[in-house]
Amino acid sequence: METLLDSSYTTVDEKPVIQLFYNRQKIKNVEGVEPYFYATSSNPEELKKEIEEQHISSILKIETIEKTIIRKKTPLVKITLQHPRNVPENRDKIRNLQNCEDIYEADIRFAQRYLIDSEILPMEGADKAGLVVASFDIETYATEGKIDTKSPILMISYADSTGMEKVISYKKSDKEFVETVKDEKEMLEAFVELVKKQKVDIIVGYNTDNFDFPYIQDRAKELKVKLDIGADGSELRLERRGIDMGARVTGRPHIDLYPVCRRLFKLPRYTLEDVYESIFGKQKLDIDTDKISVYWDGEKKEELDLLFQYSMEDAKGGLKIANEVLPLVYQLSSLIGQPPFEVSRMGTGTSVEWLLMKKAHENNVLVPNKPRDSEARERATHSFQGAYVLEPKKGIHEDIIVYDFRSLYPSIIMAHNIDSSTLNCDCCKKEDAHVAPTGAYFCKNKTGFIPEILGNILKARLETKKKLKEERSKSKPDEKKANILDARQQALKVLLNSAYGYLAFSRARWYSKDCATAVTAYGREYIKKTIKAAEKAGMKVIAGDTDSVFLTLPNGGKEKTINLGKEFAKKINAELPETMELEFEGYYVRGVFVTKKRYAMIGEDQKLTIKGLETRRRDWSNIAKTTQQKVLELVLWENNPRKAADYVREVIEKIKEGKILKKELAVYSQLTKNPSEYQSKAPHVEAVKKAMQEGKSFSSGDVFQYIITKKGEMISDKARLTEFVAEGDYDPDYYINNQVFPAVSRILGALGYSEDELKGLGKQMTLGSF
DNA sequence: TACCAGAGGAG
DNA sequence: AAATCCTCTGGTA
């Protein structure tokens, strides 16, 4: 089975030749593909003449054609050129002609444009292609803790889907997976050879765009090693992609798993170890990076072996993560119609945009231009109203049922045909159309561009889910097939859920404030109506946020509440448009509601659902988080606040004794700007600044931990990065009064305990009232 | 006490 | 280079 991995183009005899890269490094050349763009005009024939009069030799063809612009078939001029490099000059020249209004589709890269036009889907059938996926990782030497490509690479680890696993280095080991070569240069050469010999189709790593590949490239340059690992023998290329780099290996797609994981998982941090643990539920071997150089220099065989082992585990860990996430990347790739190199680095907005551009081609719709920078900035300065959040009924509640509108925003877009092309159409009278609460109205005669696409995606997803269910219910399910179906339905879900954000995205080609505001206004209307209806039915609404509603039935008890609840959902659904549905999400025994977006509930299975509370935040210490969690368990399951208070008292005692370990005290934070740019004094910034005085460097985006120590006046003065703090050096007062106390009093306070009673807890008095 | 900047979460 | 709504902290005046 053959699958398309990548596309590119070269020039032969002054003509572009599209190169299609398939698995096992097979290359197909496509000749005769010509680049083109469009020009709009109030008088296309005149514009055509005007262009012809310029006698531009690089222009092959000038024709008037028709495309749909906002539902209307509109004539425009198509200009076909000899070579992609002729596009920029001619685009500018023609834009300045008298009869030209604007230029369209001149900014779509040739090789990517070809994929849209040819309707060839990358990665289609990838699961049957037997792709060789290889993961690699490097360890480097650091002089005085500084990472600098003047220092050598010490080892390169490699693991691929054929089972080949090795670490290439120039020090010896008894470990069977270590291959020892003469020096760093030979190591790099051996790596290049290995990739070729193994016929690697997809090359993966973790943070390899911004670390491993740039480092390898620098060292290879220094040591005069040719990194010709491209399927066509081309060398590794580093591209600027916004603020980040992208390491491109032609025809042998390099996929950096870091941006993929960032997009796929919602985690507090994204180190390889964090991601590994969150997927597999167990820890990966990790060593302190400062130790790498020490172990390398040291005489101890065990330490060097540990380093080899660690490096091997990193490559193997990368491969394991790849096995989990690549199926989704492949599915997104074939849905969007773009190669995995691009797709794996795209944000949600860009993914949706490529999908729309592909559909625009299929429907002969003209692709709108990207907004200019000034326009995008202007759009971004005006924010608009979003979702509705109901003020919760604070305190403890029992027998709670929860509803969710299934895919609220996409279902609204479909139900009310929300699209730029249907907005305030002239074929419907307003009163006959879908009138949004904003006053905008949408056509009822013809389905809009985006609603139609979403409808097809939804249909495809339901079919895929059905097939998945069928497969899994077989007596001998085909696990591989099921996993692919699951990846496909997930990819469809990602696209479905990104549609609203795209409409409101300031740099979107299909940006529409009118559509975006209509969507959220409908959303607010639906949830408010549901709340009112629930109240009318005798239910008590205790919380609600965007698309979810939390209800109890006063004096109802479990059975009665669930029965009435299900009946209520039925009634609501009967009145909802076809694509919309209020789903019964679940029943909970007990729950405590603190503020908007902050609550905890416990199910019949004793499973806690905690949202927004400190337990869920990385910028709180473990000691505060675990104590809060324990209090929640005791309060929600055992219904025993007194026991909770006892527990808190024990924790406070331990803190006072100075027995708490660093890892229980550390607080995570992230710099959202460079340290010098902060205008206010804050603990996390002060901790970083102190570390910088000790030679560490920090910049925007860095994630780190700090502890509040004993030394200093203000909290900021006491804050120091964890690595500079000795065990036992912490401020017990801070951890009692500013960490554990607020976290637990949030819960106990919501149960009705008074300020004084809670303060007593902090001061560790005996709590008679508990 | 009121306010601000900043961080991080929910949906 | 997807959006808005929201709570909470520490520092300052």
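Proteins get letters first, then strands, A, B, ... in listed order; numbering begins at 1 in each. All heavy atoms count here, side chains included; hydrogens, waters and symmetry mates do not.
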Next item on the list: Scan A:Phe405 against the nucleic acid and name what it touches under 4.0 Å (heavy atoms): base, sugar-phosphate only, or nothing.
Entry: nothing

Notebook entry, point to check: Should A:Gln679 be listed as having a side-chain N or O under 4.0 Å from OP1 or OP2 of B:dC4?
Noted result: no

Notebook entry, point to check: Between C:dC6 atom P and A:Glu391 atom CD, what is the distance in whole Å?
Noted result: 9 Å

Check: Below 4.0 angstrom, N of the basic side chain to O of the carboxylate: do A:Asp619 and A:Lys625 qualify?
Finding: no

Notebook entry, point to check: A:Phe593 CZ to B:dA10 P: how many Å, rounded?
Noted result: 14 Å

Notebook entry, point to check: Which part of the nucleic acid does A:Trp510 contact within heavy-atom distance under 4.0 Å: base, sugar-phosphate only, or nothing?
Noted result: nothing

Checklist line | Separation of atom CE in A:Met714 from atom P in C:dA13, rounded to whole Å | finding: 11 Å

Note to self: B:dG6, OP1 or OP2 - any side-chain N/O from A:Lys673 closer than 4.0 Å?
What the structure shows: yes

Next item on the list: Just call it for A:Arg345: base, sugar-phosphate, or nothing, with non-hydrogen atoms closer than 4.0 Å on any strand.
Entry: sugar-phosphate

Notebook entry, point to check: Is A:Glu614 salt-bridged to A:Arg598, cutoff N-O under 4.0 Å?
Noted result: yes

Check: CG of A:Leu267 versus C1' of B:dG9: gap in Å, rounded?
Finding: 14 Å

Notebook entry, point to check: Below 4.0 angstrom from OP1 or OP2 of C:dC6, is there any side-chain N or O of A:Lys596?
Noted result: yes

Checklist line | Integer-rounded Å distance: B:dG6 C1' and A:Ile715 CD1 | finding: 15 Å

Note to self: Using a distance-only criterion (donor-acceptor N/O pair, under 3.5 Å, no hydrogens), is the base of C:dA2 paired with the side chain of A:Thr348?
What the structure shows: yes

Next item on the list: Look at the side chain of A:Phe505 and decide which nucleotide, out of C:dT9, B:dG8, C:dA2, has an atom nearest to it.
Entry: C:dA2

Notebook entry, point to check: Where the side chain of A:Thr595 is concerned, which of C:dG11, C:dT7, C:dA1 is the nearest nucleotide?
Noted result: C:dT7

Margin query: Please tell me whether A:Tyr588 and A:Phe550 form a close aromatic pair, meaning their ring centres lie under 6.0 Å apart.
Written below: no

Check: What is the nucleic acid contact for A:Ser506, judged by heavy atoms within less than 4.0 Å: base, sugar-phosphate only, or nothing?
Finding: nothing

Next item on the list: Would you please confirm or rule out a distance under 4.0 Å between OP1 or OP2 of C:dT9 and any side-chain N or O of A:Arg746?
Entry: yes

Item checked: From A:Asp731 atom CG to A:Gln739 atom CD, the distance as rounded to the nearest 0.5 Å -> 11.0 Å

Note to self: With a cut-off of less than 4.0 Å, is there a side-chain N or O of A:Tyr409 near OP1 or OP2 of C:dA2?
What the structure shows: no

Margin query: Can you work out whether A:Tyr388 or A:Asn497 has the more 5'-proximal nearest nucleotide on DNA chain C?
Written below: A:Asn497

Check: Checking all strands, does A:Tyr678 fall into the base, sugar-phosphate, or nothing category for heavy-atom contacts under 4.0 angstrom?
Finding: sugar-phosphate

Item checked: Rounded distance in Å - CZ (A:Arg263) to C1' (C:dA1) -> 13 Å

Next item on the list: Report the nucleotide, chosen from C:dC5, C:dT9, C:dA1, that has the shortest atom-to-atom distance to any side-chain atom of A:Val389.
Entry: C:dC5

Notebook entry, point to check: Which part of the nucleic acid, if any, lies within contact of A:Tyr599, taking any heavy atom under 4.0 Å across all strands shown: a base, the sugar-phosphate backbone alone, or nothing?
Noted result: sugar-phosphate

Notebook entry, point to check: Taking only side-chain nitrogens and oxygens of A:Asn738, does any of them come within less than 4.0 Å of OP1 or OP2 of C:dG10?
Noted result: yes

Margin query: Does the plane of the ring in A:Tyr522 sit parallel, tilted or perpendicular to the ring in A:His416? Use 30° and 60° as the thresholds.
Written below: parallel

Next item on the list: With the side chain of A:Lys597 defined as its heavy atoms from C-beta on, choose the nearest nucleotide among C:dT4, B:dA10, C:dT9.
Entry: B:dA10

Check: Start at the 5' end of DNA chain C and walk down; is the nucleotide closest to A:Leu390 or to A:Gly501 reached first?
Finding: A:Gly501

Next item on the list: Give one of base, sugar-phosphate or nothing for A:Arg507, where a contact means two heavy atoms less than 4.0 Å apart.
Entry: base

Checklist line | Any A:Ser716 side-chain N or O less than 4.0 Å from OP1/OP2 of C:dG11 | finding: yes

Checklist line | Whole angstrom value for the distance that separates P of C:dA1 from CD of A:Glu375 | finding: 19 Å

Check: Quick one: which of A:Asp244, A:Asp256, A:Asp209 gives a side chain to side chain donor-acceptor pair (under 3.5 Å) with A:Arg345?
Finding: A:Asp209

Item checked: Candidate nucleotides C:dC5, C:dA2, C:dC8, ranked by approach to the side chain of A:Thr350 - the nearest -> C:dA2

Notebook entry, point to check: How about A:Tyr678 and A:His684: are their ring centres within less than 6.0 Å of each other?
Noted result: yes

Item checked: Contact under 4.0 Å: A:Lys266 side-chain N or O vs B:dA10 OP1/OP2 -> yes

Notebook entry, point to check: C:dC8 P sits how many Å from A:Lys611 NZ, rounded?
Noted result: 17 Å

Next item on the list: Report yes if at least one side-chain N or O of A:Arg617 is closer than 4.0 Å to OP1 or OP2 of B:dG8; otherwise report no.
Entry: no

Next item on the list: Check every strand shown and say whether A:Arg598 touches a base, only sugar-phosphate, or nothing at a heavy-atom separation below 4.0 Å.
Entry: sugar-phosphate

